[in-house]
2 protein chains.
Amino acid sequence: MAPKNLKAEAVSKVCCGKARDIPLSERDADELAAVFTALSDPVRLRLLSIISSASEGEVCACDLVAPIGKSQPTVSHHLKILFEAGLVDREKRGVWVWYWAVPERIKAVASRLR
Amino acid sequence: MAPKNLKAEAVSKVCCGKARDIPLSERDADELAAVFTALSDPVRLRLLSIISSASEGEVCACDLVAPIGKSQPTVSHHLKILFEAGLVDREKRGVWVWYWAVPERIKAVASRLR
DNA sequence: TTAAGATATCGATAGTTGTCAATATCCACA
DNA sequence: TGTGGATATTGACAACTATCGATATCTTAA
């Protein structure tokens, strides 16, 4: 709150006008908020950063526990949230589960922020 | 989890390797997560959409309560969170407070998602 | 079939968050 | 100076979330 151009400018604008339509619908807002919720945790952001930058394009879940420094159930929980948000995909191969990023989804979210 | 290319492919990759560095630092992850937390609520996303699309570039807080359909304290609370996240700026003029978006900040966040 | 290991789920708990009524603060105007 | 109105803050409460230990599920190998 910097300058103090008071009454003159304040009154120069019509204030408290009629309620316009909100650009973002309630449904869209709910969906977008759900994705941002998935992105709102530092552990998940770090998991996503590891998965996205994997040199082979994918990462074994077994390689995600140690670097994160949380328990295995906690990491599994966060991976599930990323998966359900559509930010990563996964596939079970034998005993292991491999995760990879979904760039289209990530870009789609980013484009909503412009 | 679709195909079943079991042992062969599963073993073809070295799994459970050594912990690499995480691309996203803990500090950066915390900061990014804080912004995404601000974006993780549908009411705040709708507020931001109204503010961002304001024809005059800014909106009076008094015009934000009715369309959102929440109480005045609730809207004030959400506006504060958007402000503290750097997503909007504001200025008090007389009795009213005007809000406008901070596109550079919004773009900066979007670019982190690419 | 059994054993061992990787991952997911469950149950519990502490901490966080969205919401509103009540109240405080701030400002213009009479 | 005091009154009315716009916005912010406070206090309280219900709902949600991150975390972990314990356990279940699934898969390979013996």
Side-chain angles (χ1 to χ4, degrees), chain A residues 1 3-17 26 29-30 33-34 36-47 59-66 68-85 88 90-99, chain B residues 1 3-17 26 29-30 33-34 36-47 59-66 68-85 88 90-99:
Chain A
M1 306 191 188
K4 290 189 178 179
N5 35 359
L6 296 177
K7 193 169 61 172
E9 182 170 346
V11 178
S12 73
K13 294 202 179 188
V14 177
C15 187
C16 304
E26 201 164 350
D30 286 344
F36 284 131
T37 298
L39 293 167
S40 69
D41 182 275
V43 170
R44 287 195 289 271
L45 288 177
R46 300 193 86 193
L47 284 170
V59 187
C60 175
C62 61
D63 280 330
L64 294 172
V65 174
I68 290 298
K70 303 283 181 181
S71 71
Q72 179 270 324
T74 295
V75 172
S76 180
H77 164 71
H78 287 304
L79 288 171
K80 182 181 187 181
I81 290 176
L82 289 173
F83 172 74
E84 289 176 341
V88 304
R90 67 185 174 196
E91 183 184 0
K92 187 167 191 177
R93 295 181 200 143
V95 187
W96 296 311
V97 178
W98 297 82
Y99 284 83
Chain B
M1 307 191 189
K4 289 190 178 178
N5 35 359
L6 297 177
K7 193 167 63 171
E9 181 170 347
V11 178
S12 73
K13 295 203 178 188
V14 176
C15 187
C16 304
E26 201 163 351
D30 286 344
F36 284 131
T37 298
L39 292 167
S40 70
D41 181 274
V43 170
R44 288 195 289 272
L45 288 178
R46 300 193 86 193
L47 284 171
V59 187
C60 175
C62 61
D63 280 331
L64 294 172
V65 175
I68 290 298
K70 302 284 183 183
S71 72
Q72 178 271 323
T74 294
V75 172
S76 180
H77 165 70
H78 287 304
L79 287 171
K80 182 182 186 179
I81 290 176
L82 288 174
F83 172 74
E84 289 176 341
V88 304
R90 68 185 174 195
E91 184 184 358
K92 187 167 190 177
R93 296 183 199 140
V95 187
W96 295 312
V97 178
W98 296 82
Y99 284 83

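Computed from heavy atoms alone, side chains included, the values below leave out hydrogens, waters and symmetry copies. What you see is a predicted model, and the numbers here were worked out from it, not measured in a lab.
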Name the nucleic acid region contacted by F83(A), choosing base, sugar-phosphate or nothing; use a 4.0 angstrom heavy-atom cut-off, strictly under.
-> nothing
Over all heavy atoms of both residues, which pair between [X] and [Y] is shortest? Give the atoms and the distance, please.
X: A29(A); Y: L45(B); value: O-CD1, 3.6 Å
X: W98(B); Y: C60(B); value: CE3-N, 3.3 Å
X: Y99(B); Y: A61(B); value: CE1-CB, 3.8 Å

Find the bend of the helix from dT1(C)-dA30(D) to dA30(C)-dT1(D) as the angle between its two terminal axes (five pairs each), to the nearest 10°.
-> 20°
When you get a sec, tell me which of dT19(C), dT27(D), dT7(C) is the closest nucleotide to the side chain of K92(A)?
->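 Out of dT19(C), dT27(D), dT7(C), the nucleotide with an atom closest to K92(A)'s side chain is dT27(D).
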Taking the side chain of T37(B) as heavy atoms from C-beta outward, which of dT7(C), dC26(C), dT17(C) is closest to it?
-> dT17(C)
Are [X] and [Y] side-chain neighbours, meaning at least one heavy-atom pair lies under 4.5 Å?
X: D63(A); Y: C16(B); value: yes
X: V88(B); Y: L79(B); value: no
X: H78(A); Y: T74(A); value: yes

Near DNA chain D, which residues from residues 72-81 of chain B have a heavy atom under 4.0 Å away?
-> Q72(B), P73(B), S76(B), K80(B)
To the nearest 0.5 angstrom, please state how far the [atom1] atom of [X] sits from the [atom2] atom of [Y].
X: L47(B); Y: I68(B); atom1: CG; atom2: CD1; value: 4.0 Å
X: K80(A); Y: R44(A); atom1: NZ; atom2: CZ; value: 12.5 Å
X: T37(B); Y: L39(A); atom1: OG1; atom2: CG; value: 9.5 Å

Atom [atom1] of [X] and atom [atom2] of [N]: how far apart are they, to the nearest Å?
X: F36(B); N: dT17(D); atom1: CZ; atom2: P; value: 18 Å
X: L39(B); N: dG18(C); atom1: CG; atom2: C1'; value: 16 Å
X: L64(B); N: dA6(D); atom1: CG; atom2: P; value: 14 Å
X: W96(A); N: dA6(C); atom1: CH2; atom2: P; value: 8 Å
X: D63(B); N: dT7(D); atom1: CG; atom2: C1'; value: 14 Å
X: E91(A); N: dC26(D); atom1: CD; atom2: C1'; value: 16 Å
X: L47(B); N: dG18(C); atom1: CG; atom2: P; value: 12 Å
X: W98(B); N: dT7(D); atom1: CH2; atom2: C1'; value: 14 Å

Does R44(B) have a side-chain nitrogen or oxygen under 4.0 Å from the phosphate oxygens OP1 or OP2 of dG18(C)?
->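 So the side chain of R44(B) is within the cut-off, an N or O lying under 4.0 Å from OP1 or OP2 of dG18(C).
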